[in-house]
Engineer: 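Can you read through this structure? Questions will come right after.
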Amino acid sequence: MNINDYLFTEQGAYLGVGLSVLALIYAFYLNGWIKKQSPGTDRMQELAGAVQEGAMAFLKTEYKILSGFAAIVAAALYVGVSPETAVSYVAGAIASGVAGWIGMKTATLSAVRTTEAAKKGLAGALTVAFRSGAVMGLTVVGLGLLGVCILFTYWKGQLPAGTNFIEPLFGFSFGASSIALFARVGGGIFTKAADVGADLVGKVEAGIPEDDPRNPATIADNVGDNVGDVAGMGADLFESYVGSIIACMALALTGYGLDQAAAATPWIVLPMVLCALGTLSSLVGTAVVKTSNETKIHSALFNGLLTASVIFAGLAAFVFSRMPVDSLV
């Protein structure tokens, strides 16, 4: 079996599974590394703990309500569309929620550790902050690609020949969209209300400076920032990521038609293969973002972006050079 049999058949999805699992393992490692960093003084830990507690309480309540909404939508999809779409919807909602949860949990842990590291220099703070963001990104990519690849492989093998095996995948994207909508908007409304309250009561009435911890609304504002800008943004990115992959796969199948599904396979698998290679490139790019010189922080970030871009461009060029010629006809 040559390399084309791995890249442009259903086995191309296995590459996505393997590299998405690798991304999740690396995210788990980075999360562990962040936890080992110093959280600062007792006062810093007290304030950070209040934000962490509030963020988790908000997200738990939000997810509890969203689970009921998701159950109703899943039941409607089961009856009105297909059981396969309903199952995919639930999987997408869960994966999106988990990605947002992990990202927010890591962000609330890393904020105080970034502050503590900044006491010794910006270079150390960069490492903590960047790795915290990398956990969010790798979790989104890992869970998104893993879900698409697994569902694609499963439904293609389970559904009868001549059935649109891409259609159930739209449920996965829809599930992610449901979580993204409420997580982004809910967190945004909460943080804006807290922000306005902190300004009106704190600065206007009590004369307390902005972001002063003596104002309880300041803690609520930071809670909302984490829920809306981290958990909500993570869910939003998750939905966009998986939606793009599934849309490309659907276009490939539509272009050829169900009766030519075999000929369309290289193009159906191609988005998953490219995303898998993009994940690999991002892992390498993330690893090279480091510096001991505070004046070269921008260069460190740029080097990571450039490294990932060059590696992906080379891998993508190789993939397209191996594309079966008869699939273009």
Side-chain angles (χ1 to χ4, degrees), residues 1-27 88 91-92 95 99 137-159 164-173 176 237-258 260-287 305 307-329:
M1 183 177 288
N2 60 39
I3 192 170
N4 280 32
D5 294 324
Y6 289 102
L7 291 177
F8 304 116
T9 65
E10 289 83 354
Q11 297 191 56
Y14 299 160
L15 179 65
V17 171
L19 288 174
S20 59
V21 170
L22 181 62
L24 292 173
I25 292 174
Y26 189 50
S88 298
L138 293 174
T139 302
V140 166
V141 170
L143 290 175
L145 184 58
L146 182 64
V148 171
C149 291
I150 290 177
L151 289 174
F152 164 77
T153 303
Y154 182 77
W155 294 133
K156 192 173 189 308
Q158 291 294 316
L159 294 176
N164 189 335
F165 51 87
I166 301 296
E167 185 175 300
L169 295 181
F170 284 105
F172 188 76
S173 179
L237 290 173
F238 185 97
E239 182 273 332
S240 300
Y241 182 69
V242 300
S244 299
I245 300 174
I246 296 169
C248 290
M249 296 168 67
L251 284 173
L253 182 60
T254 302
Y256 280 83
L258 285 175
Q260 296 292 325
T265 297
W267 293 101
I268 295 173
V269 175
L270 182 62
M272 291 182 287
V273 172
L274 291 177
C275 287
L277 297 178
T279 300
L280 176 62
S281 304
S282 297
L283 288 172
V284 178
T286 299
L305 174 63
T307 299
S309 300
V310 170
I311 292 175
F312 177 71
L315 293 173
F318 172 77
V319 168
F320 281 109
S321 70
R322 304 287 302 188
M323 179 66 71
V325 177
D326 41 341
S327 71
L328 302 174
V329 180

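The shown structure was predicted, so the numbers you read here are calculated from the model rather than taken from an experiment.
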Engineer: Does some side-chain heavy atom of Y26 sit less than 4.5 Å from a side-chain heavy atom of T286?
Structural biologist: yes

Engineer: Measuring from S20:OG to L280:CG, what's the distance to the nearest 0.5 Å?
Structural biologist: 12.0 Å

Engineer: Kindly say whether A261 contributes a backbone atom to a donor-acceptor pair with the side chain of T265 at under 3.5 angstrom?
Structural biologist: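 At least one qualifying donor-acceptor pair exists.
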
Engineer: May I ask you to test the I311-L277 pair for a side-chain heavy-atom distance under 4.5 Å?
Structural biologist: no

Engineer: Any side-chain heavy atom of F165 within less than 4.5 Å of one from Q158?
Structural biologist: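 They are not in side-chain contact.
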
Engineer: Kindly say whether L251 contributes a backbone atom to a donor-acceptor pair with the side chain of T254 at under 3.5 angstrom?
Structural biologist: no

Engineer: Measuring only between side-chain heavy atoms, which start at C-beta, is S281 closer than 4.5 Å to L315?
Structural biologist: yes

Engineer: Checking side chain to side chain contact (heavy atoms under 4.5 Å, CB included) for the pair I150/V17: CA distance, chi angles, key distance, verdict?
Structural biologist: CA-CA 7 Å; I150 290 177; V17 171; 4.3 Å; yes

Engineer: Hey, does L270 have a side-chain heavy atom less than 4.5 Å from the side chain of F320?
Structural biologist: yes

Engineer: Grab the two heavy atoms, one from M272 and one from I268, that are nearest each other, plus how far apart they are.
Structural biologist: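 Heavy atoms only, the tightest pair is CE-O, 4.1 Å.
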
Engineer: Quick one, L19 and L145 - any side-chain contact, counting heavy atoms below 4.5 Å?
Structural biologist: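 A side-chain contact is absent here, since even the closest heavy-atom pair is not under 4.5 Å.
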
Engineer: Shortest non-hydrogen contact from L169 to F152?
Structural biologist: CD2-N, 3.7 Å

Engineer: At their closest point, which heavy atom of A176 faces which heavy atom of F238, and how far apart are they?
Structural biologist: CB-CD2, 3.4 Å

Engineer: Mind checking whether I166 and W155 have side chains closer than 4.5 Å, heavy atoms only?
Structural biologist: no

Engineer: So how far is it from L146 CG to T139 OG1, rounded to the nearest 0.5 Å?
Structural biologist: 12.0 Å

Engineer: For P168, does its backbone N or O pair with a side-chain atom of S88 as donor and acceptor, under 3.5 Å?
Structural biologist: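 Confirmed, S88 side chain pairs with P168 backbone.
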
Engineer: Using every non-hydrogen atom in the two residues, find where S244 and S240 come nearest and quote the distance to one decimal.
Structural biologist: OG-O, 2.8 Å

Engineer: Nearest 0.5 angstrom please: L159 CG to Y154 OH, how far?
Structural biologist: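 That separation rounds to 9.0 Å.
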
Engineer: Out of the candidates L138, L24, V242, V148, only one should pair with L143 under the side chain to side chain contact (heavy atoms under 4.5 Å, CB included) rule; please name it.
Structural biologist: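 Testing L143 for a side chain to side chain contact (heavy atoms under 4.5 Å, CB included) against L138, L24, V242, V148 leaves exactly one candidate, L24.
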
Engineer: Any heavy-atom pair between the side chains of T153 and E10 that's under 4.5 Å?
Structural biologist: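 No, their side chains stay 4.5 Å or more apart.
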
Engineer: Work out which heavy atom in A276 is nearest to a heavy atom in G16; give both atom names and the distance.
Structural biologist: CB-CA, 3.7 Å

Engineer: Which atoms form the tightest heavy-atom contact between G144 and F172, and what is the distance?
Structural biologist: O-CE2, 3.9 Å

